[in-house]
Every structure is written in C-alpha cells, then in structure tokens.
Amino acid sequence: MIMYSDDKIKKLLQVAMEETPPGFTSNVMNRVEAMKYSAASQPLVSKKVKVAFLVTFLLLVTIIVVIAALTMKDSITITLPKLSGRDFYSFSLSIVGFWILVGLNRLLTNPFTNQPSM
C-alpha cells in the first residue's frame, strides 16, 4: 500500500483548486442576459401557426360538442339542485370575489418576475 505524503496532496490540491477571477459571476450573467435578449432567438412556432392550431382545436371541440348534443339529447338529463336565494347569493358572491382577487393579483404582480410590483 502506497501512502502519499501531505506535501504531494497539498501540491495536488493547490493545482486542482483555483480561485475564480473577480467579477466572474457578473461576466457570466451579462453573457446570459445578452443571449437571452438577442435578436437571434426566435420562438419555435410562429404566431400564425399558433393561431391556426388554436382555431383548429376550437373548431374540433365545437364540432364534437354539437354532434354529441344532437345524438345524445334524449339520453342526457341534467337535474340541478334547487338553490335557495341565500345559497345562490353566496355562490355568486364567491365567484365574483374570486375573480376580483385574481384581477387584483394580476394587476399588482409583475408578469416577468412574479414579484409584487410595489
């Protein structure tokens, strides 16, 4: 069994472990930011293709729903529970309150960082 002396290990560690130069992190981050906002980066799918996919999807869903409604109108019966005025008011108020909070969150949050904009 060969035992290495402390001097050899110390020399090896000095060569292997090297201090990063000052400003290394900021230089790397500047390069990353420059690449992120460069004009060379383009979306994978153009806007026209996205719109075409969306329209096609909505059209297919609409066709499927219409066909399903026409072919199964006798077999589907939906019975809604009877709501009192107070229950309906609470339900409506909950939905309105939810959407007000979503809207406020959308207004007060920076969309790029998800951090409060205040």
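Residues take their numbers from the sequence shown, with the count starting at 1.
Listed by chain and number, the hydrophobic cluster partners of Leu59 are Ile63, Ile67, where partners are ILVMFWY side chains within reach of under 4.5 Å, directly or through others. Hydrophobic cluster membership of Leu101, counting Ile, Leu, Val, Met, Phe, Trp and Tyr whose side-chain heavy atoms lie under 4.5 Å apart directly or via other members: none, as it forms a cluster of its own. Under a 4.5 Å side-chain heavy-atom cut-off, the cluster of Ile, Leu, Val, Met, Phe, Trp and Tyr residues that includes Val65 is completed by Leu54, Phe57, Leu58, Val61. Hydrophobic cluster of Ile64: no remaining members, since no ILVMFWY side chain lies below 4.5 Å from it.
Atom CG of Asn105 and atom CD1 of Ile100 lie 13.5 Å apart (nearest 0.5 Å).
When the side chain to side chain contact (heavy atoms under 4.5 Å, CB included) test is applied to Val45, the partners found at least two apart in sequence or on another chain are Val49, Lys50. Residues passing the side chain to side chain contact (heavy atoms under 4.5 Å, CB included) test with Val66, sequence neighbours excluded: Thr62, Leu70. In this structure Thr56 satisfies the side chain to side chain contact (heavy atoms under 4.5 Å, CB included) test together with Leu60, sequence neighbours excluded.
Under a 3.5 Å cut-off, the side chain of Ser26 and the backbone N or O of Gly23 do form a donor-acceptor pair.
Cluster annotation: Val102 is not connected to Leu108 through the hydrophobic network of ILVMFWY side chains, with a link wherever side-chain heavy atoms come within less than 4.5 Å.
Pairs passing the side-chain hydrogen bond (donor to acceptor under 3.5 Å, both in side chains) check and including a residue from residues 86-100, sequence neighbours excluded, read Ser84-Asp87.
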